[in-house]
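Let me begin by presenting the structure, written as structure tokens, before commenting on it.
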There are 2 protein chains.
Amino acid sequence: MNELATADTSRPVQLVARELANSSGYLLARLGLAFKLQATERAEASGFELYDYSVLAILGEGSRETQATIADALTLDPSRLVALLDSLEERDMVERQRDPQDRRRHVVSITNSGRKELARVRAIISQLEGEFFAPLDSANREALHTMLAALATQNDPRCCPLDDEE
Amino acid sequence: MNELATADTSRPVQLVARELANSSGYLLARLGLAFKLQATERAEASGFELYDYSVLAILGEGSRETQATIADALTLDPSRLVALLDSLEERDMVERQRDPQDRRRHVVSITNSGRKELARVRAIISQLEGEFFAPLDSANREALHTMLAALATQNDPRCCPLDDEE
DNA sequence: TATTGTTATACTCTATAACTATA
DNA sequence: TATAGTTATAGAGTATAACAATA
């Protein structure tokens with residue numbers, strides 16, 4: 001139940017301060033949060049946590065990873081990753097195996113079922129992106145992405161190390 | 001102390017999944033959060049909470065506001081606003097007065113001292129923006145802002161109702 | 001002794017619900 | 001009875017610290 005929808009008769013809609021709306025940083029933060037919330041909402045409606053997608057995406061690309069490297073890539077505390085992997089493993093999307101070389105390590109890999117589920121979440125997020133960026137035409141969307149990538153590269157090189165073309 | 005800085009010798013830097021880095025939504029969320037964290041950090045280093053800036057910006061523009069309208073503009077629960085205003089009032093940046101028309105209401109207004117402090121935070125955030133968006137030249141920065149405003153308008157019209165020029 | 005993954009603890013944040021004073 | 005602002009309560013989320021197994 002959205003209270004904003006019911007309040008529109010009682011008082012005029014309060015606008016964000018112009019000063020903030022004129023700030024690209026503010027818009028960036030606001031839109032970024034909005035996108036994340038919507039992505040979370042849709043993913044959860046289909047039985048995924050948003051982090052599930054990140055984990056599956058990493059495992060779907062790279063070779064088999066150890067928990068420490070996954071946590072590192074996600075900038076996530078290893079202790080938080082445990083519950084995520086427990087859940088993914090219960091649902092047969094990933095497998096944990098002891099590394100014979102170093103029996104302290106768990107080698108995590110994606111299962112066939114996990115790849116199918118990855119395709120499902122990918123489609124959900126992709127659909128959302130289409131809607132979210134709909135106000136921009138294709139050329140502008142590409143220009144936006146290039147600029148965001150440039151900012152991300154400065155902000156955290158781990159994000160977009162080389163401007164490699166898709 | 002950033003642990004990433006100390007770990008660079010032990011293992012190769014883990015990169016974000018390409019699939020995520022290629023998503024504009026992901027970059028938006030990541031950059032938005034990064035900007036907010038940096039803004040929070042700098043503001044707090046100067047004795048401000050980030051919300052202080054929002055409140056002061058609203059009061060600095062509009063006429064005198066009631067607590068409900070401020071909370072509405074910030075999409076903040078009125079109960080959370082109380083502590084914010086308490087703090088601002090203690091520091092003589094805002095004043096609360098009973099509305100004679102309706103003694104349940106508090107009319108909140110910015111003080112002269114508050115205007116000076118507003119100028120200070122504004123400068124801090126403005127400086128950060130300059131650094132954060134430095135990878136883009138002036139024309140691109142403007143193009144980016146226009147696109148973000150278009151997205152914000154779709155996402156929440158309360159944010160940027162008309163594309164009014166600065 | 002140090003490291004990997006795991007579990008337990010404690011703390012912060014915030015949403016919700018009660019409460020008061022006015023209407 | 002309903003509303004504006006305030007205070008109190010409780011629950012979620014998470015960072016931190018302890019832990020067991022292995023190196």
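Source: prediction; values computed, not measured.
- Every residue was checked against the salt bridge (Lys or Arg N to Asp or Glu O under 4.0 Å) condition with Arg64(A), not counting sequence neighbours, and none meets it.
- Near DNA chain C, defined here as any heavy-atom distance below 4.0 Å, there are no residues from residues 48-60 of chain A.
- DNA chain C is contacted by Arg96(A), Arg104(A), Arg105(A), His106(A) of residues 85-110 of chain A, taking any non-hydrogen atom closer than 4.0 Å.
- Scored by the side chain to side chain donor-acceptor pair (under 3.5 Å) test, Gln67(A) finds Arg96(A), His106(A) as partners (sequence neighbours excluded).
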Donor-acceptor pairs under 3.5 Å, side chain of residues 43-58 of chain B to any protein atom, not counting sequence neighbours: which ones?
from	atom 1	to	atom 2	distance (Å)
Asp52(B)	OD2	Glu49(B)	N	2.9
Asp52(B)	OD2	Arg91(B)	NH2	2.8
Tyr53(B)	OH	Glu19(A)	OE2	2.6

Determine, step by step, whether Glu129(B) and Ser24(A) satisfy the side chain to side chain donor-acceptor pair (under 3.5 Å) criterion, reporting the C-alpha distance in whole Å, the side-chain angles of both residues, the deciding distance to 0.1 Å, and the verdict.
CA-CA 8 Å; Glu129(B) 283 217 356; Ser24(A) 293; 5.0 Å; no

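- Cluster partners of Val82(A), using a side-chain heavy-atom cutoff of under 4.5 Å among ILVMFWY residues and allowing indirect links: none.
- Atom CG of Leu84(A) is separated from atom P of dT6(C) by 12 Å (rounded to the nearest Å).
- For Ala152(B), the side chain to side chain contact (heavy atoms under 4.5 Å, CB included) partners at least two apart in sequence or on another chain are Leu27(A), Leu31(A), Cys159(B), Cys160(B).
- Taken from CG in Asn140(B) to CG in Leu144(A), the straight-line distance is 11.0 Å, to the nearest 0.5 Å.
- Residues passing the side chain to side chain contact (heavy atoms under 4.5 Å, CB included) test with Thr111(A) are Glu95(A), Ser113(A), sequence neighbours excluded.
- A salt bridge (Lys or Arg N to Asp or Glu O under 4.0 Å) check over residues 130-144 of chain A, counting only residues at least two apart or in different chains, returns the pairs Arg42(A)-Glu131(A).
- In this structure, CG of Leu81(A) is placed 17 Å from C1' of dG13(D), rounded to the nearest angstrom.
- One atom, CG of Asp72(B), and another, P of dG5(D), lie 12 Å apart when rounded to the nearest Å.
- Counting Ile, Leu, Val, Met, Phe, Trp and Tyr side chains that sit under 4.5 Å apart, directly or through other members, Leu33(A) shares a hydrophobic cluster with Leu37(A).
- At whole-Å resolution of the value, NZ in Lys36(B) and P in dC13(C) are 12 Å apart.
- For the ring-ring contact (aromatic ring centres under 6.0 Å, His included) test, residues two or more places apart in sequence or in another chain that qualify with Phe35(A) are Phe132(A).
- If you take CD of Gln67(B) and P of dT20(C), they are 19 Å apart, rounded to a whole angstrom.
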Considering only nitrogen or oxygen atoms on both sides, find all protein atoms under 3.5 Å from nucleotides 15-19 of chain D and state each distance.
from	atom 1	to	atom 2	distance (Å)
dT16(D)	O4	Ser79(A)	OG	3.3

